[in-house]
Amino acid sequence: MSDVIKDLSELRLSYEQGELHEAQVSDNPHLQFLNWFNHALTANLHEPYAMSLATANTQGRPHVRTVLLRGATEAGYDFYTNYDSQKGLDLLQNPVAELLFYWPSLERQVRIGGQVVKISEQESMDYYHKRPRDSQIAAHISTPQSGVIESRELLQQRFQNLQNQAQTDELDKPEFWGGYRLEADYYEFWQGRPNRLHDRLSYEKQNGLWSIQRLMP
Ligand SMILES: Cc1cc2nc3c(=O)[nH]c(=O)nc-3n(C[C@H](O)[C@H](O)[C@H](O)COP(=O)(O)O)c2cc1C
């Protein structure tokens with residue numbers, strides 16, 4: 001294995017795929033997001049619905065990880081997880097977060113910030129029952145998510161045991177598993193441009209109305 005790293009300052013691309021103008025964007029940032037998101041979905045990207053989720057605990061220590069977007073409406077952006085995970089603990093202490101989508105081949109990035117709430121038990125249950133059975137089993141046995149497990153073998157064994165036990169029965173959604181919804185109060189749409197003069201448009205909600213601003217690249 002080589003322990004020499006290439007001079008990273010040599011690695012650079014010029015971003016030339018597109019432009020973002022105030023005159024083109026929707027006044028409604030959710031519609032603007034759907035516009036870019038639907039484009040990403042049809043652009044043959046690898047999991048364009050995977051997003052980074054940044055949270056922080058009350059000491060201000062940030063944690064970031066990837067989760068999958070599972071719903072996007074005016075009400076907010078939904079993802080599913082284990083409520084006893086690190087992100088669950090952060091959100092319990094400090095229920096604000098930011099989502100980040102990066103679509104490299106489109107040279108686009110979207111940030112969405114806001115308050116995070118748990119979605120209803122019914123909605124979580126509906127989604128849980130749509131998941132493949134093995135994913136349902138994994139949700140049951142991988143808890144507390146982010147806790148330490150002795151070995152891979154033990155994990156497999158737990159999985160196998162529940163698979164055998166639950167061959168015919170419907171598996172109930174575990175209480176510790178479900179969805180969160182980020183209720184957006186901030187968006188930023190970033191389109192890469194040549195010479196690092198990127199287009200950045202932010203939307204902020206003030207008195208119930210969205211205002212759009214251009215940000216320095
Ligand atoms: C592509 C991808 C998709 C993922 N989707 C999810 C997801 O939807 N929900 C989830 O809980 N973890 C998901 N994970 C795992 C998380 O990134 C993370 O490892 C896990 O949720 C524990 O995070 P935490 O310790 O910060 O709570 C995904 C990871 C990757 C790389």
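The basis for the numbers below is simple: all heavy atoms, side chains too, and nothing from hydrogens, waters or symmetry mates. Every number for a ligand or one of its atoms is a count from 1 in the order of the listing.
- Each of Arg111, Glu204, Glu98 was compared with Glu188 under the side chain to side chain contact (heavy atoms under 4.5 Å, CB included) criterion, and only Arg111 meets it.
- Counting side-chain heavy-atom gaps under 4.5 Å among Ile, Leu, Val, Met, Phe, Trp and Tyr, Leu197 is found in no cluster with other residues.
- Here Asn44 pairs with nothing under the side-chain contact (heavy atoms from CB on, under 4.5 Å) rule; sequence neighbours left out.
- For the ring pair (Phe, Tyr, Trp, His ring centres under 6.0 Å) with His30, the lone residue among Tyr203, Tyr77, Tyr187, Phe189 that qualifies is Tyr77.
- Take Phe79 and apply the ring pair (Phe, Tyr, Trp, His ring centres under 6.0 Å) test, not counting sequence neighbours, and it matches Tyr180.
- Contact annotation: the side chain of Trp190 never approaches that of Leu215 to less than 4.5 Å [non-hydrogen atoms, C-beta and beyond].
- At a 4.0 Å heavy-atom cut-off, the residues surrounding ligand 1 are Glu47, Arg65, Thr66, Val67, Leu68, Tyr80, Thr81, Ser85, Gln86, Lys87, Gln145, Ser146, listed by chain and number.
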